[in-house]
Amino acid sequence: METEGWLFDVYPWQSTMVLWIYGDDGGMLRLEDPYRHHIYARGRREDLEGLLGFLRKRGFLLGSRWTRKQDFWSGQEVDVLDLEMRDYGHLPGLFRLLAGFEDRITFYNSDIPLAQSYLYEKGLVPTGRCWVEHEDGRVLRIEARCSPWEIEYILPPLRTMEIRIEGNPLLPFGRGNTLVVECEGYRLEIDPQLPSEVPLQINTLLERFDPDVILTEHGDSHIVPSSVRISRREKIPLILDRETGPVHRIPDLRGRSYFSYGRILYHSPAYPLFGRWHIDRTNSFLFGESGLEGIIDLARLSKVPVQRAARTSPGTIITSMQLDRAFSEGILIPWRKGEPEKFKTAWDLLVVDKGGLVFQPPQGIHEDIAEIDFASMYPTIMAVHNISPETVLCACCSNSRVPEAGYNICERREGLVPRTLKPILRRRLMLKEMSKRVGGERGEDYRRRHIALKWILVTSFGYLGYRNARFGRIEAHEAVTAFGREKLLQAKEIGEKRGFRLIHAITDSLWISKDGLTEGEVLALCEEITREAGVRMNLEGIYRWMVFLPSRVKPELSVANRYFGLFEDGEIKARGLAFRRSDMPPMVKEAQLRMLEVLSRAKDVDGYRPKIPEVFEVLLDSVLKLKNGEVEPPELVISKTLSQDPSDYKVDNLTALAAQQLEDVGVRIHPGERVPYVIRDARSRVKEDRVRAVPLMGPEDGYDEEKYTELLLKAAEELLIPFGYDINVLSRWVDFSLKREKAESLDSVYKNIL
DNA sequence: CATTCGCGGGG
DNA sequence: GTGTACGCGAATG
């Protein structure tokens, strides 16, 4: 039989690969492919003979033959033994045994996730079109009928069911929350007070709608594990999968806290489904950034199946793209040693220390400033300067290409990293342009996909310097930042030659100034920099005015990352202000945004000062609402990321106290999870009274009016400090205004304080 | 005052 | 299957 359709999902199951094909007839076809995994071994002939004997005796091996493949580091063709392994169940045990041979034999392609390795080998694309010849549910032949690089593709009409917790997701089922299921306009609320209802209702709904995608909020952390628990307790089977055979679900109950991007993150244990996708939008970084469209685009490009792509980090995606390319080019993939994290040596710190170049801007308010940014600077540098672990410090060339460090870069071979990045850079640019050109839903689709790729590009750089990355090398990382600093300085010099003053610069952005600066001359400058540096320089915008904030620690200095300004098109750009911070309560963010909205009507520096009374007015209004108890508790919720176990805190800060309150009632908060709380009485001697964790909040819990007022005052101070209004002035002014029985016109109040 | 702790950026 | 760090600012004791 022959079928054409979309490859919906792939996973190893028992000893075969299971494929779900969404046929053109609308049916979902389950097929098995008895695919065998190949690994490669290199070493002396007699050692390899020994290995063969060992594997045969243990029954691991289906077959073996000699073949020639390319060594990743040298690019040389080498003789290796191709080993066809028996079945998947044996593999984990096998890899432990192989470690014993490692002093004599080098193994390749041995630690690639099986579904990915299957897709690389067959050239198949998750969610892509395919053609398959099959018999009795088994694949005879399968071929891709699409390229992962297509920009326009049609997806099968996926039926989506949404399941979420209404009420507080931190609390156990039925304690102040319910389960809401929605599908195709149908909505059902399940009351978990009656536990047996949960599996019964879910089963009924899944059978009735047979969704392809189950999109949840807190599905991984709460809904699925709780439902599974109830199902076991009540002895009512819960049928979530389409797979009808025994499903091997490894209940990774603890979840993982891990260190990434300089902070602790938490991933709850994952509950993927077999035969349909479960995506927990609250447990998926990429979903939050780029939606299902972005995830699907990445799954297609990287050949990481959709469910895994949704849960994984961008680093895994980029690695898979590199693995796919290496695989298809016949390059042996080195076994990644899972070295435990080591302490950083002084040398490491020295190297890492010299990252991007950062200047110090002159504080205060400015006019005639343009901001120009290098587009995708680091990935472009990797692509154009051929920076890759195997090309930096290659053995064959001697050219001292890398600025400062003087490392060689290979001129004979293009590296794996640049080969992978180039098409991604092109594709992202194309999607970005299309998202600008096309409006509506399609434009949004392009936008999400280009943002997904943006992430892949950003992280490809970090990955180069990551000690445990398969294709990482610290010298390559170093080379990228060295070129980056060179290009930033080059841009500065070209600008100065054209009469611009450099006001500020961070890594890949420059703020430049000139009296009466025009868009035309800045664009001309960008053109020249693009030509000279080999990296696209874009005009981010021209500011009507912009402010660089002083340091709060040393008020005479400014800080690089706290600034805001108004572009000519009326948009505000701001960094480091309260409203940008995730640890600020909504009330403060909104108040500051309202103040900025007022300031966005100031056309130039002279227009800024007359807007100040109106900003005062917004501030006073917010403070009054706080005083009069007109602020709803959710507006006051602060949530911060827990960086360690609640009991490990040395200092009882508000976050630790809130986490401890939750622990006390049996709600586990893991490092990397956010703890939501309201400040009740920050200065209370009784620590218990300082905060209240959100799920434990009752109507009698008030809030710390003084503390929240202070946050508002600081938010206002950030916007007004260039004109000398610091928190003391603002605070006095607020007190003064509040004391007046009937405030006269704001103008007179304003005069009084000056 | 020293120390501890959390956040940012990209779009 | 784990993207780097460092500087800033606030809070604690």
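Order of the sequence lines fixes the chain letters, A, B, ..., with proteins taken first and strands second; residue numbering starts at 1 for each chain. What's counted below: heavy atoms across the whole structure, side chains too, no hydrogens, waters or symmetry copies. The model shown is predicted, which means the values in this text are computed figures rather than measured ones.
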Is it true that [X] and [Y] make a salt bridge, defined as a side-chain N closer than 4.0 Å to a carboxylate O?
| X | Y | answer |
| --- | --- | --- |
| A:Lys687 | A:Asp652 | yes |
| A:Arg690 | A:Asp681 | no |
| A:Asp297 | A:Arg427 | yes |
| A:Arg448 | A:Glu444 | yes |

For the residue pair A:His385 and A:Phe483, does the interplanar ring angle fall in the parallel (under 30°), tilted (30 to 60°) or perpendicular (over 60°) class? parallel
Contact class for [X] (heavy atom, under 4.0 Å): base, sugar-phosphate, or nothing?
| X | result |
| --- | --- |
| A:Thr316 | sugar-phosphate |
| A:Arg674 | sugar-phosphate |
| A:Lys707 | sugar-phosphate |
| A:Arg562 | sugar-phosphate |

Within the 3.5 Å criterion, strictly below it, is a donor on A:Arg428 or A:Ser376 matched to an acceptor on the partner's side chain? yes
We want to know whether A:Ser558 and A:Tyr563 form a side-chain donor-acceptor pair, criterion being a heavy-atom distance below 3.5 angstrom. no
A:Lys687 side chain, from C-beta outward: closest of C:dG13, C:dG3, B:dG9: C:dG13
Taking only the side-chain heavy atoms of A:His450 (C-beta and beyond), determine which of B:dG6, B:dG11, B:dC5 contains the nearest atom. B:dG11
Which residues in residues 551-559 of chain A have a heavy atom closer than 4.0 Å to any atom of DNA chain B? none
Would you please confirm or rule out a distance under 4.0 Å between OP1 or OP2 of B:dG6 and any side-chain N or O of A:Ser582? no
Ignoring backbone atoms, test whether A:Lys640 places a side-chain nitrogen or oxygen under 4.0 Å from the OP1 or OP2 oxygen of B:dG6. no
In whole angstroms, how far is the [atom2] atom of [N] from the [atom1] atom of [X]?
| X | N | atom1 | atom2 | answer |
| --- | --- | --- | --- | --- |
| A:Gln363 | C:dC8 | CD | C1' | 15 Å |
| A:Ile638 | C:dA10 | CD1 | P | 13 Å |
| A:Lys714 | C:dA10 | NZ | P | 5 Å |

On a heavy-atom basis, which atom in A:Gln363 and which in A:Leu557 lie closest, and how many Å separate them? NE2-O, 3.8 Å
Does the base of C:dG3 carry an N or O that pairs as donor and acceptor with the side chain of A:Ser313 under 3.5 Å? yes
Between C:dA5 and B:dC5, how many Å separate the two C1' atoms, rounded to a whole number? 16 Å
Pick the C1' atom in B:dG9 and in C:dC8, then give their distance to the nearest Å. 15 Å
As a test of understanding, state which of A:Phe327, A:Phe471, A:Tyr108 forms a ring-ring contact (aromatic ring centres under 6.0 Å, His included) with A:Phe72. A:Phe471
Scan residues 647-657 of chain A against DNA chain C and write down, sorted by residue number, each residue with any heavy atom closer than 4.0 Å; if none is found, say none. A:Val651, A:Asp652, A:Asn653, A:Leu654
